[in-house]
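Since this is a predicted model, take the numbers as computed values, not measurements. Throughout, residue positions are numbered sequentially from 1 according to the sequence presented.
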Amino acid sequence: MTYNNDNPSTLTLPPYGGSGANIDQLTELIWTGGDLPEPVDEAIDALAAWDTLGIRHIFDARMEWTDEDVVEAVTPHIRYLNCGVDDAGQRMPDWWFDTVVDFVEDATTAGEPVLLHCHMGINRGPSAAYAALLAAGWDPVDAIDRIRTARPIAAVGYAEDALDWWHRRSATPQARRRLERTALADWRADHPHDTIRIIRQIRASGRG
């Protein structure tokens, strides 16, 4: 999936299947992206593509849908967890990020790739991946920059919630909390994201 930052009206969606299976690799073991296509035959093909890419654990952040049945039927060796939350700009609760990180750590400790996805791969899935990178020791700005570089359509809309969660979980000193929040805000200002336009383009393509 590509998004030309020099021309915000340009959005190119790759076909499902193969390396263009609507997901993007962040680290050796962590991936993020969007969901399976709706038609069952296309969903099976896309899931097979995820399997070929080595995905062995799937964290599904959607509250509006679950792929539990198709994953169990087609790729029973893939561990699947639907831990859905809304994408309405609400504050993400700590328990959700805790669940994300526990799931990812189980996968990565075993040396197995994990995918964190939502519907379009704009907010919830990438925000879950952001929390996973923070827990893995990434600098907050490096983490969001890595996600946006790998998946330019990702807004990572709940990154600030994830950073606050991580500060509480890791008992980060107040001075460092302020510095990291400011650094993230500065990065946001330097890397604007036209989320509404991107969502409209994805929906217009028939993927929304």
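Closest heavy-atom contact between Ser127 and Phe97: O-CE2, 4.1 Å. Considering all non-hydrogen atoms of both residues, Ile30 and Ala132 come closest at CD1-CB, 4.2 Å.
Across Met120, Glu64, Arg62, a single residue satisfies side-chain contact (heavy atoms from CB on, under 4.5 Å) together with Asp35, and that is Arg62. Evaluated for a side-chain contact (heavy atoms from CB on, under 4.5 Å) with Asp67, the options Val74, Asp60, Asn82 yield exactly one hit, Asp60.
Rounding to the nearest 0.5 Å places CD1 of Ile122 at 4.5 Å from CD1 of Ile199. In this structure, NE2 on His117 lies 10.0 Å from CZ on Phe59, to the nearest 0.5 angstrom. Taking CG of Leu115 as the reference point, atom CG of Leu53 lies at 9.5 Å (rounded to 0.5 Å).
Between Trp31 and His57, the ring center distance fails the sub-6.0 Å criterion.
Under a 4.0 Å N-O distance rule, the pair Glu160/Arg188 qualifies as a salt bridge. Taking 4.0 Å as the cut-off between side-chain N and carboxylate O, Arg56 and Asp51 count as a salt-bridged pair. Arg181 and Asp164 are joined by a salt bridge, as a carboxylate oxygen and a charged side-chain nitrogen come within less than 4.0 angstrom of each other.
By the criterion of side-chain heavy atoms lying less than 4.5 angstrom apart, applied directly or through intervening Ile, Leu, Val, Met, Phe, Trp or Tyr residues, Leu116 is grouped together with Ile144 in one hydrophobic cluster.
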